[in-house]
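Here the structure comes first, spelled out in structure tokens, and everything after it is commentary.
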There are 2 protein chains.
Amino acid sequence: MPGSSGRVRLSDVAAHAGVSAKTVSNVLHNHPHVSAETRAKVEASLATLGYRVNLSARALASRQTGFIALAIPGLDNPYYAQLASHVMDAAAEHDWMVLIEQTRSSVDLERAVVSGGGARLVDGVILQPDAISQAELSDRFAHQNLVLIGEGGATASSDHVTTDAVAAARAVAAHLIEQGRTRIATIGIQPQMRANASELRYRGLCQALDAAGLPVRSEYLAPVDRTRRPEAAAAVDHLLALPEPPDAILCFNDLVGSGALARLRERGIAVPTEIAVAGFDDNEESRFTAPPLTSVSWDLEGLARRCVDRLLARSRPGGADLPPVRSVVSHRLAVRESTVGQLAVDEDAALQA
Amino acid sequence: MPGSSGRVRLSDVAAHAGVSAKTVSNVLHNHPHVSAETRAKVEASLATLGYRVNLSARALASRQTGFIALAIPGLDNPYYAQLASHVMDAAAEHDWMVLIEQTRSSVDLERAVVSGGGARLVDGVILQPDAISQAELSDRFAHQNLVLIGEGGATASSDHVTTDAVAAARAVAAHLIEQGRTRIATIGIQPQMRANASELRYRGLCQALDAAGLPVRSEYLAPVDRTRRPEAAAAVDHLLALPEPPDAILCFNDLVGSGALARLRERGIAVPTEIAVAGFDDNEESRFTAPPLTSVSWDLEGLARRCVDRLLARSRPGGADLPPVRSVVSHRLAVRESTVGQLAVDEDAALQA
DNA sequence: GTGAAAGCGCTAACAT
DNA sequence: ATGTTAGCGCTTTCAC
């Protein structure tokens with residue numbers, strides 16, 4: 001049992017080892033210029049005294065807190081939980097800790113994050129904006145270590161890690177059209193909301209429709225207040241009540257997709273026979289819905305890593321003056337039974353054809 | 001636009017307002033003994049200079065970091081994401097920030113958390129133990145601000161916020177028996193794993209079976225490596241291959257429940273007609289599975305609040321000597337269609353009877 | 001009610 | 001390769 005873990009200071013270790021504080025610090029930071037025997041001596045004292053660094057003191061002296069903030073709408077969306085998990089892993093590789101901030105898609109909270117919050121605390125911020133306007137993002141506080149996640153792409157004043165929302169939406173829509181769908185509705189995609197991916201995903205859908213010579217029909221655009229499971233039911237009902245109901249629904253995310261599938265089931269509509277359903281984000285859940293949900297899968301690990309790398313680059317000496325970088329992470333379409341009836345994944349699927 | 005947000009120190013504010021640093025600090029902390037006009041003056045300076053407190057310095061001087069750690073297996077389980085969300089809310093009410101630590105159910109990581117980690121950083125720790133043994137928990141480092149979440153209940157040396165796992169399992173099992181089920185299997189419940197709730201949940205099941213005069217059949221205990229959706233399939237297959245397959249499956253959590261439902265569907269087994277399924281945790285997803293999943297719902301908000309309250313009590317002067325407190329949060333059974341076929345929730349459900 | 005001075009525990013020049 | 005000296009920006013006795 002190493003040490004009784006009281007308040008052991010670095011200077012105590014130095015005294016115990018018979019060296020100066022600087023030497024202890026050198027050992028702690030793996031500085032090269034420490035003789036092997038000194039190092040051993042210090043490490044022994046470190047262990048017997050049970051020294052644990054005081055991060056507040058280190059942060060104050062070094063002007064580096066070792067924290068980065070990750071601001072996301074909320075952990076209750078598995079997509080963001082997943083993202084947070086990846087960011088924490090990527091950050092840990094550089095000895096950074098992650099402070100998760102839930103913005104709840106509130107403009108005020110997002111604004112607070114962008115402007116650095118009320119306190120001086122983090123070395124950098126990763127923000128997934130949702131409610132705040134692009135204009136405000138590019139305007140304010142472009143000087144601080146801020147990486148934006150998202151698909152807007154218009155912000156030239158800070159680092160940006162994005163996905164190609166238009167291409168992804170085009171791909172999933174094209175897949176739907178390939179399956180013979182011509183009346184493709186959407187749930188949760190709101191082209192007027194400019195902070196999140198809505199507009200771009202809608203654009204991708206329109207491009208695919210255009211390319212196939214199909215009309216873009218505005219009555220197929222079902223809005224929801226929040227893009228979550230419970231909200232999907234009313235939107236599905238709305239679409240089913242249309243004179244000519246859709247034969248496919250592209251959902252803003254898998255949460256909405258899951259809710260839509262549930263409602264279609266309640267209404268006795270066969271998926272995909274009568275209506276195909278697809279989503280975005282490829283939540284793990286989507287491999288287990290009835291039927292499994294076709295979805296766009298983002299490279300979340302790459303996304304997280306790039307965000308952290310950008311912050312790292314900027315926090316190095318001289319990094320603050322680096323020009324803003326924009327990088328795009330990859331995606332792929334995970335095709336499942338919600339859009340292709342006869343996908344023969346195994347012997348059982350064939351029975352249901 | 002208040003201040004150009006450079007490095008404004010408290011002493012700068014003091015100089016600008018023509019007062020001492022102590023007075024500025026008093027204003028910041030809402031100390032009563034500040035005259036109204038002084039306060040106004042200081043607040044004006046605070047605003048025009050755009051002062052933001054340096055939390056590292058505050059932490060160093062005050063010996064309080066303002067952080068608590070929440071150590072959970074991982075955010076990818078929606079149950080823990082939800083818990084984290086509640087803890088963050090409860091902590092925010094006391095101006096605490098939450099540092100989320102993913103233990104991945106690793107003994108070493110849990111041990112590191114219990115022993116305070118390598119660094120002096122947080123004011124307290126909330127740990128949901130999973131892999132570490134009870135013995136180790138009560139042994140080591142009982143002196144630090146540690147609140148244990150969980151159902152073990154045996155640890156007398158630190159604060160403990162638990163659920164009544166036995167009662168909850170008894171309730172859901174009794175419900176299953178009421179529905180006429182006599183062959184109740186379980187997936188993911190591993191009585192030999194003593195850190196998580198397995199043993200207690202199994203005990204509750206046994207109690208309910210005993211009370212109904214039904215036999216406890218060990219072949220109905222299907223283990224899994226990890227209690228997650230993908231692992232459920234093999235367990236379901238195992239149970240279906242039994243000479244006398246079960247007519248109900250009680251899953252360790254809703255993740256397993258979701259995976260079990262998916263596999264039963266693939267195998268063409270009707271739920272609940274042939275096999276009823278129930279879970280624990282009441283994930284939001286479980287209201288949208290096919291069919292919706294009966295589950296035990298814990299009072300997560302209450303759980304989070306109590307954990308934070310306990311930490312708060314201990315971090316107050318003299319709080320360290322408080323005797324360990326054990327408190328139990330409530331639960332209720334959310335009954336859904338996976339266990340009762342004819343539950344007439346709406347007009348459509350009746351058709352499927 | 002407000003001010004002056006002494007640290008909190010660490011890092012970072014600079015010196016040796 | 002190791003020691004010396006100043007702070008980092010805040011809180012906190014203790015005077016006044």
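All heavy atoms count here, side chains included; hydrogens, waters and symmetry mates do not. Note on naming: letters A, B, ... go to the chains in the order of the sequence lines (proteins, then strands), and numbering restarts at 1 for each one.
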Q | B:Ser25 side-chain N/O to D:dT11 phosphate OP1/OP2 under 4.0 Å | A | yes
Q | Side chain to side chain, B:Leu148 and B:Leu146, heavy atoms closer than 4.5 Å | A | yes
Q) What nucleotide, of C:dT2, C:dG3, C:dC10, holds the atom closest to the side chain of B:Asn26? A) C:dT2
Q: Send over the distance from B:Tyr51 OH to D:dT11 C1', rounded to a whole Å.
A: 11 Å
Q) For B:Leu10 and C:dG3, what is the distance between atoms CG and P respectively, to the nearest whole Å? A) 12 Å
Q. Of the nucleotides C:dC8, D:dC10, C:dA12, which has the atom closest to the B:Arg63 side chain?
A. C:dC8
Q.
Assess whether a salt bridge exists between B:Arg9 and B:Asp12, defined as any Lys/Arg side-chain N lying under 4.0 Å from an Asp/Glu carboxylate O.
A. yes
Q: From the options D:dG9, C:dT11, C:dG1, select the nucleotide whose nearest atom is closest to the side chain of B:His33.
A: C:dG1
(Q) Can you tell me which nucleotide in D:dT12, D:dG3, D:dC10 comes closest to the side chain of B:Ser62? (A) D:dT12
Q. D:dA1, D:dG3, C:dC10: which one has an atom nearest the side-chain heavy atoms of A:Thr23?
A. D:dG3
Q: In whole angstrom, give the distance that lies between atom CZ of B:Arg52 and atom C1' of D:dG9.
A: 14 Å
Q.
If you assign each of B:Leu60 and A:His29 to its closest nucleotide in DNA chain C, which residue comes earlier from the 5' end?
A. B:Leu60
Q: Round to the nearest Å and state the distance from A:Arg58 atom CZ to C:dT11 atom P.
A: 5 Å
Q | Nucleotide C:dT11, atom P - distance to CD of A:Gln64 in whole Å | A | 12 Å
Q: Could you work out which one of D:dA1, D:dG9, C:dC10 sits closest to the side chain of B:Asn54?
A: D:dG9
Q: Please tell me which of B:Thr38 and A:Ala21 maps to the more 5' nucleotide of DNA chain C, matching each residue to the nucleotide holding its nearest heavy atom.
A: B:Thr38
(Q) With a 3.5 Å distance limit and no angle check, can you tell me whether B:Glu110 reaches the backbone of B:Asp130 through a side-chain donor-acceptor pair? (A) yes
Q.
Regarding B:Thr65 and B:Asp123, do their side chains bring together a donor and an acceptor under 3.5 Å, going by distance alone?
A. yes
Q: Calculate the interatomic distance between B:His31 atom NE2 and D:dT12 atom C1'; express it in whole Å.
A: 10 Å
Q.
How many whole angstroms separate atom NZ of B:Lys22 from atom C1' of C:dG1?
A. 10 Å
Q) Can you tell me how far P of C:dC8 sits from CG of A:Asp12, to the nearest Å? A) 11 Å
Q.
Can a donor-acceptor pair be found, under 3.5 Å and without considering hydrogens, that links the side chain of B:Thr48 to the backbone of B:Ala44?
A. yes
